[in-house]
Amino acid sequence: MAVADTTTRALLSPTIGVERSIRWARIRKRLVIGVPAAIVVLLFAACFVGPYVLPLPAPIGGDVLNSSRPPGTPGHPLGTDVNGNDVLSRLLHGGQASLIVAVAVNAIGLIVGGLIGALSAYLGGKADTIIMRALDVLIAFPSLVLTIAIAQVLGPSLPNTILALSAFSIPGVARVARSSTLRVTSMPFVQAAALGGSPWWRTLLFHIAPNVLPQLLNFAMLGMGIVIVTEGALSFLGLGIPAPAPSWGNMIYEGQQSLSATPLLVLWPSLALLLAVLSFNLLGENVRDEMSGR
Amino acid sequence: MSSVPVERAPAPPGEVRERAERGESPLGRLTGSPLVRLIVRRVLVAIPLLLAISVLVFVLLEAMPGDPARNQAGMDATEEEVEAVRKSMGLDRPAHERYLSWLFGALTGDLGRSSVSGLPVSQLLAERMPVTFELVFLAFVISLGIALPVAMLAARKPGGVFDRIVMVGSMTLLAVPNYVLALLLVIVFAVTLRMLPSIGFTPIEVGLWPNLQSVILPTLALAIPLGCFYARFLRGDLVEQMNSADYVDTARAKGLGPWRILWQHAFRNSSFGLLTIVGLNVGALVGGTVIIEQIFAMPGLGQLMLQGVGARDTAVVQICVFIFAAVAVFANLFVDVMYAVLDPRIRYGGR
């Protein structure tokens, strides 16, 4: 129905228009992945290179006498916060923390979750059932509640934030890894490898893993936004990156204290968060559509 | 109910799906009311899951730094006084014994006392739960109330102006964390327009309107991202149904109007997928109330939990975390059962 529709329309309209629309579709396909990818690269560059290239003051230890300056103050492009720290500098350093946490959590989730899921699917039987039931328990937990509890046990710090957030990224990845391993395991080349005398760990690592990885990487890409948001929530509650070190979450929290007087202090880290999450989400979704051939 | 072919229903979760794929009744050869048997079976699976969760929470609380007995006794208490408090709180007993006595107490309705306020935990829950329940319920209704019409309108003309606005708008709003959205709502409606209170909760006893006024902003902060998520999902599923399902062609051939096909045929099938997504997100929704209650100073369950976590109030935290997890577990159970109610294949078994 839909195919017939487009064909008729294509036949009725002038050829040039069709060619142009095909070319536009091709360009569009590249743009929807290229633009968010470029923004992600820019974000990383700004946060990890920016503070060392730009002439910015340190993100902490500001002068209280110099507090709450408006944007555009000489030396402080985005002004200063209530403690007299440079907002732009805090924004970039805070971004470092957010991005480090997001990358580390997803890397841990990918490796640990991927191994658990693949192993579970490959072993099958009792082991599979036990592992999946254990994951069910973790998945049933509201993730923010679980992370709050773990973060409180471990105490606020950057490595502990990573560990706490990993607890909820692992089960999801393990689920995806398990289902795609099951799919790959039934394929002829895996049986061929087993018949060829390849031990189980070798089959898993060299034959199954490379075929499961693209899907997992994409899942992790979609997970980046979620981790950044949850890290922000933890820091906002004072359980993530400990103040005075900046993170987007605790900057929003500090800004909230003087919301009516200086709403801009909440706006900047919120916008940074929005930009990061949006570009990671767009990238993940469009790569997924591309991979599934839509 | 009977005129709608359901061959394109998205896969139901877990056991129900596997059995449906094999063309079996979810209850095998057992006769009687299949629905009741299904519910019983799912509840029986949920019980060990809930027990495992309560053990996990207990272990987490055990691992928390700090000594509840010393907290309770006060800063300048002597060693002997702390020991006496420890004994009176039952903390000198081994962990598994304390867990079992907590479990037994919980099953018989005795949840212990808060070590901070000294009030019975059940009384605290009775005060706090209605607040969180109101938030979750309203957020749930509003998010679906936004998502359904928006997704329908967008799916009517995929790629049209409204569809594009919806897709771009929902993508952007989805990237806004609920705590940021909450602050933006406060800046606009409380600080700038002065229409609504920025924080606090007015109980419904004071009056319906003041109560609603105090919950509008927190509810919206929860409902808007959720509504966007549902709308995107439903719109995608509807478009897929309209493009590829045979029954849509049949309905078109019969001469049914586009709205009728969308509402009576495509939506009926898409509702299965939506139901799954909604069920899976109940956990995220109740989890979200923790931070929203904190921002708006709502005296709900989440706030109680956060206060308890800060003060090492184990009796309170244990039950709060457990309730959050249990709600998520039961939401999934409910979705599984709803599948059976909605899908005649599962209800009656066989095709």
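As the structure is a computational prediction, the values presented were derived from the model and not from experiment.
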Top contributor to chain A contacts, counting heavy-atom pairs under 4.5 Å, from B:Leu183, B:Ile187, B:Val57: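 Sorted descending by pairs with chain A, the first entry is B:Leu183.
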Counting heavy-atom pairs under 4.5 Å to chain A, which of B:Leu50, B:Ile295, B:Val282 comes out on top?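 If we count pairs closer than 4.5 Å to chain A, B:Ile295 comes out on top.
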Checking heavy atoms, do the side chain of [X], its backbone, both or neither come under 4.5 Å from chain B?
X        : answer
A:Val266 : side chain
A:Leu275 : neither
A:Ile252 : both

I'd like to know whether [atom1] of [X] has more than 12 heavy-atom contacts from other residues, nucleotides or ligands below 6.0 angstrom.
X        : atom1 : value
B:Tyr99  : OH    : yes
A:Ile226 : CD1   : no
B:Phe133 : CZ    : no
B:Met129 : CE    : no
A:Phe236 : CZ    : yes
B:Phe140 : CZ    : no

Within the 4.5 Å heavy-atom criterion, are A:Leu274 and B:Val180 side-chain neighbours or not?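 Result no, sub-4.5 Å side-chain heavy-atom pair not found.
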Would you call B:Leu184 and A:Ser270 a side-chain contact if the rule is heavy atoms closer than 4.5 Å?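 Sidechains of A:Ser270 and B:Leu184: no contact.
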With only heavy atoms counted, which part of B:Val290 is less than 4.5 Å from chain A, the side chain, the backbone, both or neither?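 Side chain only.
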What distance do B:Phe324 atom CZ and A:Ile148 atom CD1 have between them, rounded to the nearest 0.5 Å?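 So the CZ of B:Phe324 and the CD1 of A:Ile148 are separated by 8.5 Å.
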When rounded to the nearest 0.5 angstrom, what distance separates CG in A:Asn281 from OG1 in B:Thr172?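 So the CG of A:Asn281 and the OG1 of B:Thr172 are separated by 10.5 Å.
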Closest approach of A:Leu273 and B:Tyr179, non-hydrogen atoms and distance?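 Residues A:Leu273 and B:Tyr179, closest heavy atoms: CD2-OH, 3.7 Å.
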Run the ring pair (Phe, Tyr, Trp, His ring centres under 6.0 Å) test against A:Phe219 and tell me which residues pass, sequence neighbours left out.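 By the ring pair (Phe, Tyr, Trp, His ring centres under 6.0 Å) rule, A:Phe219 matches no residue at all.
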